[in-house]
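So that the names make sense, note that chain A is the first sequence line, chain B the second, and so on, each numbered from 1. The basis for the numbers below is simple: all heavy atoms, side chains too, and nothing from hydrogens, waters or symmetry mates.
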Amino acid sequence: MLEPLLGSVNREKVLLYLYGRKEGYAREMAAYFKTDLSQIQKQLERMEQGGVLFSRKVGKTRLYGLNPRYPFISELKALLNKTISFLSEKERESLLINRKRPTRAGKPL
Amino acid sequence: MKNVREMSLGELAAFVCTHLRKSGVLAVLTGGACVSIHSRNRYQSFDLDFVEEHDTDRKLLKRILSEIGFIEQNRYFKHPDTQYILEFPPGPLSIGSQPVVHIEEKRFRTGRLNLLSPTDCVKDRLAGYFHWDDKQCLEQARLVSQQALINLAEIRAWARKENMAREFKAVENMLAGCSVRCKRDDSASGRKNRGALS
């Protein structure tokens with residue numbers, strides 16, 4: 001939906017994912033959208049350099065999120081919020097509802 | 001002209017800023033380097049973060065900075081004679097969602113430096129504290145408040161617009177309490193600092 005505006009479908013995917021889930025890392029985003037990891041990484045790096053995203057290391061993983069200090073953050077969030085409202089209910093639930101409660105190590109399910 | 005090796009942070013920043021301006025690039029010093037200058041080195045930064053008023057082609061920027069000995073390494077510019085490094089974070093020049101309206105100018109022997117005012121510098125540090133819960137940022141805001149004239153009413157209004165009024169209220173007394181003494185400003189501009197405006 002935002003591809004004509006953003007110039008990249010992967011950029012849109014990354015932004016929607018981070019808006020919906022607050023934080024994420026490249027590999028899980030690529031897996032979620034079933035897309036090429038390097039393309040997701042490229043968009044993450046570009047948007048971090050542009051100040052749109054922030055990143056932090058957790059162990060060996062680099063987590064990304066929307067930069068709360070980006071000057072257009074509220075406008076960007078409004079745009080992403082509207083975009084999400086155009087997704088099907090299934091897509092919306094899949095993006096927004098993910099397990100956040102802890103899972104004990106070794107638990108089979 | 002002093003050698004780059006002998007320049008203080010402020011002198012080097014002014015030297016770079018002046019060279020950029022002569023080459024048509026308007027840039028404003030932000031971040032920790034402003035804390036160093038406004039706190040009179042109570043905090044020491046080695047990063048000189050310049051935000052350009054208008055985006056400059058990176059190749060042009062590299063050429064301009066190479067004229068004064070700075071060479072690009074990754075996203076930074078380094079000089080063999082100094083430990084200070086230059087970075088050009090993306091614009092626009094803003095603090096949170098609000099543009100920077102007033103840009104301060106300080107004169108050094110090495111040139112004129114455009115930088116955030118002490119008030120905007122405190123806002124910038126508070127934004128870091130509010131968003132990242134970074135205690136170092138709060139400490140830097142306190143150091144600037146101790147040493148320079150800040151406008152608490154302006155910071156309060158900024159925090160309200162950023163939806164951070166409650167967070168600001170929690171630190172306002174601390175900032176006000178440490179900025180009531182008269183201080184002599186020993187920067188090259190010779191401007192006198194007073195207490196906080198509220």
Side-chain angles (χ1 to χ4, degrees), chain A residues 2 5-8 10-12 14-26 38-84 100 102, chain B residues 28 30-32 34 47 49-58 61 72-77 86-101 116 120-134 136-138 140-141 158-164 166-168:
Chain A
L2 296 178
L5 189 65
L6 300 175
S8 156
N10 286 317
R11 192 170 301 171
E12 176 181 351
V14 165
L15 287 171
L16 283 175
Y17 189 94
L18 294 177
Y19 177 68
R21 299 203 172 181
K22 311 301 177 207
E23 280 189 325
Y25 55 94
S38 67
Q39 291 301 313
I40 295 290
Q41 285 170 328
K42 192 167 90 177
Q43 296 305 329
L44 288 168
E45 283 165 22
R46 278 189 182 173
M47 286 195 282
E48 188 190 14
Q49 278 182 27
V52 182
L53 306 182
F54 74 91
S55 76
R56 64 190 175 95
K57 287 261 303 209
V58 178
K60 288 182 179 175
T61 305
R62 184 160 290 281
L63 278 177
Y64 290 85
L66 298 179
N67 184 358
R69 299 188 64 182
Y70 181 54
F72 308 109
I73 190 68
S74 52
E75 291 79 6
L76 176 62
K77 282 183 173 177
L79 187 65
L80 295 170
N81 192 45
K82 183 150 187 174
T83 308
I84 283 179
K100 285 199 168 176
Chain B
V28 178
T30 66
C34 286
D47 298 331
D49 293 336
F50 282 101
V51 175
E52 297 158 81
E53 290 192 26
H54 307 287
D55 284 346
T56 310
D57 178 72
R58 194 74 178 180
L61 192 63
E72 189 180 36
Q73 286 180 25
N74 296 321
R75 281 187 285 163
Y76 305 97
F77 289 89
L86 311 182
E87 194 182 355
F88 290 82
L93 186 61
S94 65
I95 302 171
S97 61
Q98 296 164 56
V100 174
V101 179
L116 295 181
D120 282 337
C121 180
V122 169
K123 287 182 206 167
D124 179 53
R125 295 295 101 180
L126 288 179
Y129 172 63
F130 295 156
H131 290 300
W132 314 118
D133 193 27
D134 186 324
Q136 286 182 358
C137 282
L138 181 61
Q140 290 164 19
W158 164 82
R160 197 166 46 239
K161 282 188 189 168
E162 293 290 308
N163 295 321
M164 293 289 178
R166 197 164 46 106
E167 289 83 351
F168 177 66

*Can you tell which part of A:E75 gets under 4.5 Å to a heavy atom of chain B, answering side chain, backbone, both or neither?*
neither

*Near A:Q49 CD, under 6.0 Å, is it more than 12 heavy atoms from other residues, nucleotides or ligands?*
yes

*Sequence neighbours left out, what passes ring-ring contact (aromatic ring centres under 6.0 Å, His included) with B:F77? Give chain and number order.*
B:F88

*Shortest non-hydrogen contact from B:P90 toward A:G51*: CG-N, 3.6 Å

*Under a 4.5 Å heavy-atom cut-off, does chain A meet the side chain of B:D55, its backbone, both or neither?*
neither

*Using non-hydrogen atoms only, which part of B:S94 is less than 4.5 Å away from chain A: side chain, backbone, both, or neither?*
side chain

